[in-house]
Amino acid sequence: MKYDFKVCDKKWQDRWEKAHAFEAKDDFSLPKFYALIEFPYPSGAGLHVGHIKAFQSLEVISRYKRMRGYNVLFPIGFDAFGLNTANYAIKTRRHPRDVTDENIAHFTQQLKRAGFSFDWSRVIDTTDEDYYKWTQWIFLKMFEHGLVYRDKAMVNFCPHCNVVLSNEDSQGGKCDVCHSDVIQKAKDVWYLRITKYADRMLEGLEHVDYPQNIKQQQINWIGKSTGAYVNFPIKDTDDKLRVYTTRPDTLFGATFMVIAPEHPIIDKYSARIANIEELNAYKAECAKKNEFERTQLVKEKTGVKIEGLTAINPINGAEIPIYIADYVMMSYGTGAIMAVPAHDSRDYEFAKKFGLPIIEVIKGGNIDEAAYEGDGEMINSGFLNGITTKKEAIEKAIKYLTEHGIGEAGVQYKMKDWAFNRQIYWGEPIPIIYCPKCGMVPVPYEELPLRLPDVKNIEQGVGGESPLAKIESFVNCKCPQCGGDAKRETDTMPQWAGSSWYFLRYCDPHNDKCLADPEKLRYWMPVDWYNGGMEHVTRHMIYSRFWHMFLYDIGVVPTPEPYKKRSAVGLVLGADGEKMSKSKGNVVDPNDVIEIYGADTLRTYILFMGDYGMAAPWNDSGVKGCRRFLDRVAGLTDIVKGHGVTPSLERSFHKTIKKVSSDIEEMKFNTAIAALMTLINEIYDAGTLTHEELVTFIRLLYPFAPHICEEINEYIGETKMLAFCTWPEYDEAKTIDDTIEVAIQINGKLRGTIMLPRGASKDDAIATVKADGRIAPLLEGKTIVKEIYVPDRIVNIVVR
RNA sequence: GCGGGUAUGGCGGAAUUGGUAGACGCGCCGGUCUUAGGAACCGGUGGUAAUCCGUGCAGGUUCAAAUCCUGUUACCCGCACCA
């Protein structure tokens with residue numbers, strides 16, 4: 001058979017669609033499998049080969065699971081709100097709706113062309129008002145349950161995009177969208193109380209099947225630490241300086257305190273601080289730097305002593321000085337620390353520079369040279385003296401603090417509450433109304449969706465004002481409670497909102513009564529297998545787990561965790577081994593590959609490149625190799641003859657079915673394809689195969705290269721589409737050979753191989769080896785010290 | 001600095017989890033067919049003339065190590081003055 005992909009690809013894509021081959025059935029009696037890929041952001045650049053790789057894993061598994069009798073939900077959608085589209089729309093003077101529709105159409109065309117078996121009847125678009133109605137609904141539910149609050153805060157602000165960013169969106173001090181430097185700005189911020197769920201998110205990790213490195217990243221991101229809060233009285237005032245420390249056991253070694261430059265205590269006591277001007281100058285200097293610069297730059301410690309305020313170490317009454325320094329952040333802990341220079345390297349560095357006393361309280365290091373952060377016997381520490389373990393010392397110290405009202409045990413998280421508002425047009429409007437009489441009033445549920453006003457001009461406001469603020473017809477409204485004049489919130493939700501629950505909507509995408517029917521959620525949830533990129537492990541995954549836990553708490557979803565299993569895709573690098581990027585000119589467009597080689601070649605190659613979870617560089621010759629393989633598959637139709645079993649191939653077929661099945665389930669696609677290549681080489685060596693064997697072969701290859709397999713299936717006279725066929729079975733007994741090649745070693749060095757019957761006894765095996773013409777001479781005149789026999793593997797004779 | 005990962009032919013990568021290193025593919029070499037081939041097909045291909053040497057490097061455990069242990073180097077990813 002000649003393989004003409006140009007005809008074949010389209011033909012089968014149309015037939016599958018006509019037959020509704022990949023639509024998930026809401027038949028709750030069937031075993032279900034919910035395969036989820038991260039829905040793409042429909043950018044103007046179109047799909048790239050990295051997307052294909054990310055989707056292709058569960059694509060293969062979905063096709064495989066369907067053949068194994070599962071009711072598979074493998075949906076697709078578009079995460080379309082966001083700054084990128086908004087900025088592009090502003091630049092091109094178009095409406096983001098039009099831009100989005102156009103991009104989605106382009107993505108859809110590309111995805112269909114690659115032959116993905118998505119359930120297209122369930123497509124969702126986060127910018128669709130029937131979808132974001134429910135995003136707003138969830139927000140209001142959170143508001144109702146006290147998980148939403150508003151606060152003035154210093155926020156990460158991108159002066160280029162004119163928008164507030166979350167910590168997650170401004171990593172490394174750069175705007176996630178335009179990569180400009182992020183600055184700090186005081187603003188009203190809507191927060192989601194994600195920290196309330198920190199412990200449960202940590203605990204939940206114990207019950208899900210994520211790779212260890214993903215769990216670790218989430219654990220680090222949440223960043224839970226345990227320790228104590230300690231209150232240090234400020235001399236001659238009623239005030240106390242509250243600190244957080246993980247090492248309350250070292251309290252006797254605290255010789256000074258450091259507070260963040262923004263700490264409110266400075267303004268409060270400015271009148272009695274002698275060097276207030278110097279302090280203000282230092283503060284101003286710090287304010288110029290963003291948090292990134294303050295934390296990133298490797299530099300000497302700086303700081304200024306506060307003249308006029310003295311703290312008292314509550315454990316021993318010692319008077320100690322207070323400094324301001326930028327190595328203490330207002331955003332972590334209490335914005336103040338007790339400095340124990342003997343046992344903390346940062347405090348040590350600071351103490352050395354400012355000539356402050358260093359008191360050793362744990363034996364084991366040399367405090368003349370460096371801070372000692374290890375374990376050891378407590379000294380110079382009153383009631384703690386003599387204790388040798390950190391654990392015991394900390395427990396005793398906390399007990400003392402609590403009993404004497406000096407402090408108490410406490411925990412801290414690196415994770416912050418989620419700054420949830422943005423000042424862009426292209427996002428879900430936050431459904432809150434400000435009434436001069438009633439205060440903040442939620443938009444009534446029955447008025448959802450709160451639609452984006454349809455306007456021509458969506459230019460960003462200046463200084464961080466939302467574009468919606470200029471639209472009076474939107475802003476001005478009536479208070480739902482008192483009916484008086486009121487104004488709407490004009491900020492919108494961040495990009496991550498819509499993706500925090502989209503997997504729920506797939507279960508019931510057209511429901512207009514609730515976000516999804518509870519019975520359908522009970523059947524489909526949780527997601528059985530979620531695949532995506534490492535870059536979403538700490539943002540999207542944390543956010544969506546948080547929302548899902550909340551929805552579980554209010555009885556909307558049936559399980560606390562949304563994803564049962566998670567896997568990660570490795571990057572597709574450019575041919576030069578570098579990350580693909582427009583500027584490097586090493587980007588591969590899937591359409592170009594499909595144009596030349598067809599969808600099946602692209603699909604097969606992208607999984608054959610290497611270990612699925614690892615980055616691998618693109619190689620055009622490698623693509624050709626896969627095309628060659630598919631041509632050889634098509635060629636099988638020319639040598640197919642008769643029915644039944646070809647004796648010389650029988651075992652190879654059973655072995656290959658076993659190998660391909662297990663490899664697919666373990667995402668070892670490269671070796672699954674290699675096994676099929678090995679089998680086809682054997683078939684061509686045999687020169688023939690039967691009709692049934694060819695059917696088996698194309699069913700095994702079908703999940704990877706479905707178009708050509710369907711075509712062959714039809715060509716050889718089969719009437720049922722492979723999409724509806726079952727997966728081949730194998731006979732375990734026939735995956736094992738009767739005679740096995742066993743290695744012969746003398747003193748651990750390979751000296752030959754020998755064919756032995758499977759499971760041969762040790763005596764037989766050794767005897768056969770000793771009688772072997774190549775081995776016997778090597779044993780001549782030697783003393784045999786030891787004979788090792790691993791059945792079906794190896795014979796090793798140790799001689800002297 | 002902390003956490004995670006990786007290192008195997010000219011290249012991408014295999015290796016039943018301690019048991020014949022280099023499966024499969026690319027590339028390369030040789031051949032067949034061809035006016036021609038950067039097409040297709042067939043054969044070969046870790047190094048070395050060879051006893052031998054070979055999985056980043058140096059040790060160790062073992063009859064046996066890519067795989068386990070100790071130390072070390074390089075690169076990649078994430079977090080980062082987190083108190």
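By convention in this document, chain letters (A, B, ...) are assigned in the order of the sequence lines, proteins followed by strands, and residues within each chain are numbered from 1.
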Students often get this wrong, so: under 4.0 angstrom with heavy atoms, is A:Glu787 touching a base, only sugar-phosphate, or nothing? nothing
Among A:Asn213, A:Leu571, A:Val569, find the residue that satisfies the side chain to side chain contact (heavy atoms under 4.5 Å, CB included) test when tested with A:Met534. A:Asn213
Any strand, both distances under 3.5 Å, Watson-Crick or G-U wobble: B:U6 pairs with B:A74
Any side-chain N or O of A:Lys668 under 4.0 Å from OP1/OP2 of B:A15? yes
Rounded to whole angstrom units, what separation is found between the CE atom of A:Met330 and the P atom of B:C81? 16 Å
Write down the distance separating the P atoms in B:U48 and B:A74, rounded off to the nearest Å. 31 Å
Sugar-phosphate only, base, or nothing, as touched by A:Ala339 at under 4.0 Å among non-hydrogen atoms: nothing
Take a 6.0 Å sphere around NZ of A:Lys240 and say whether it holds more than 12 heavy atoms from other residues, nucleotides or ligands. no
Name the closest nucleotide to the A:Asn670 side chain, picking from B:U20, B:G25, B:G13. B:G13
Is any side-chain N of the basic residue among A:Lys224 and A:Asp199 closer than 4.0 Å to the acidic one's carboxylate O? yes
Distance between C1' atoms of B:C33 and B:A40 (Å, rounded): 9 Å
Pairing check on B:C63: which nucleotide meets the Watson-Crick or G-U wobble criteria with it, both distances under 3.5 Å? B:G19
Determine the contact category for A:Thr753: base if any of its heavy atoms lies under 4.0 Å from a base atom, sugar-phosphate if only primed atoms, P, OP1 or OP2 are that close, otherwise nothing. base
Whole angstrom value for the distance that separates P of B:C41 from NZ of A:Lys624: 14 Å
Quick note, A:Arg632 side chain, CB onward, closest among B:A14, B:C26, B:C41 is B:C41
Distance between the P atoms of B:C63 and B:C57, in whole angstroms? 25 Å
Per atom distances to the A:Tyr244 side chain, the nearest of B:A83, B:G27, B:G25 is B:A83
Applying a 4.0 Å non-hydrogen cut-off, can you work out what A:Gly625 is touching in the nucleic acid: base, sugar-phosphate, or nothing? sugar-phosphate
Work out how far the C1' atom of B:G12 is from that of B:G27, and round it to whole angstrom. 11 Å
Identify which nucleotide among B:C24, B:G27, B:A14 has an atom closest to any side-chain atom of A:Met677, counting heavy atoms from C-beta outward. B:C24
For B:G43, give the paired nucleotide (Watson-Crick: N1-N3 plus N6-O4 or O6-N4; G-U: N1-O2 and O6-N3; both under 3.5 Å), or none. B:C29
Is there a donor and acceptor pair closer than 3.5 Å between the side chain of A:Lys301 and the base of B:C81? yes
Please tell me which of the listed nucleotides, B:U6, B:C63, B:G4, lies nearest to the side chain of A:Met614? B:U6
A:Leu750 has a side chain; which of B:C81, B:C24, B:U20 sits nearest to it? B:U20
Heavy atoms only, 4.0 Å cut-off, all strands: where does A:Asp631 land among base, sugar-phosphate and nothing? nothing
Ignoring the backbone of A:Lys749, work out which of B:C53, B:G12, B:C41 is nearest its side chain. B:C53
Residue met sooner reading RNA chain B from 5', once A:Phe608 and A:Gln412 are mapped to nucleotides: A:Phe608
With rounding to whole Å, what would you report as the distance between B:G46 and B:G9 at their P atoms? 13 Å
Regarding A:Glu682 and A:Lys655, does a basic nitrogen lie under 4.0 Å from an acidic carboxylate oxygen? no
With a 3.5 Å cut-off and just heavy-atom distances, do the side chain of A:Arg793 and the base of B:U16 make a donor-acceptor pair? yes
Closest of B:C24, B:G4, B:C42 to the A:Asn213 side chain is B:G4
Reckon A:Arg628 has a side-chain N or O less than 4.0 Å from the OP1 or OP2 of B:C26? yes
Quote, to the nearest angstrom, the C1' distance that separates B:G19 from B:G4. 31 Å
Report the nucleotide, chosen from B:C24, B:C26, B:A83, that has the shortest atom-to-atom distance to any side-chain atom of A:Asn681. B:C24
Hey, are A:Lys391 and A:Glu395 close enough for a salt bridge, meaning a charged N less than 4.0 Å from a carboxylate O? yes
Given the P atoms of B:U6 and B:G25, what is the spacing between them in whole Å? 26 Å
Step through the shown structure and confirm whether more than 12 heavy atoms of other residues, nucleotides or ligands are within 6.0 Å of NZ on A:Lys782. no
On a whole-Å scale, what distance lies between the P atoms belonging to B:C28 and B:U20? 32 Å
Return the value, rounded to whole Å, for the distance between atom CG of A:Asn220 and atom C1' of B:G4. 9 Å
Assign A:Gln745 to base, sugar-phosphate, or nothing according to its heavy-atom contacts below 4.0 angstrom with the strands shown. base
Would you mind pulling out the nucleotide paired to B:C24, Watson-Crick or G-U wobble, both distances under 3.5 Å? B:G12
At 4.0 Å (heavy atoms only), tell me whether A:Val798 reaches a base, stays on the sugar-phosphate, or touches nothing. sugar-phosphate
A:Tyr597 six-ring face occupied by A:Lys624 cation (under 6.0 Å, within 45°): no
Just to confirm, is there a sub-4.0 Å distance from OP1 or OP2 of B:C52 to any side-chain nitrogen or oxygen of A:Arg751? yes
Using purine N1 to pyrimidine N3 plus N6-O4 or O6-N4 for Watson-Crick, or N1-O2 and O6-N3 for G-U wobble, each under 3.5 Å, what pairs with B:C81? none
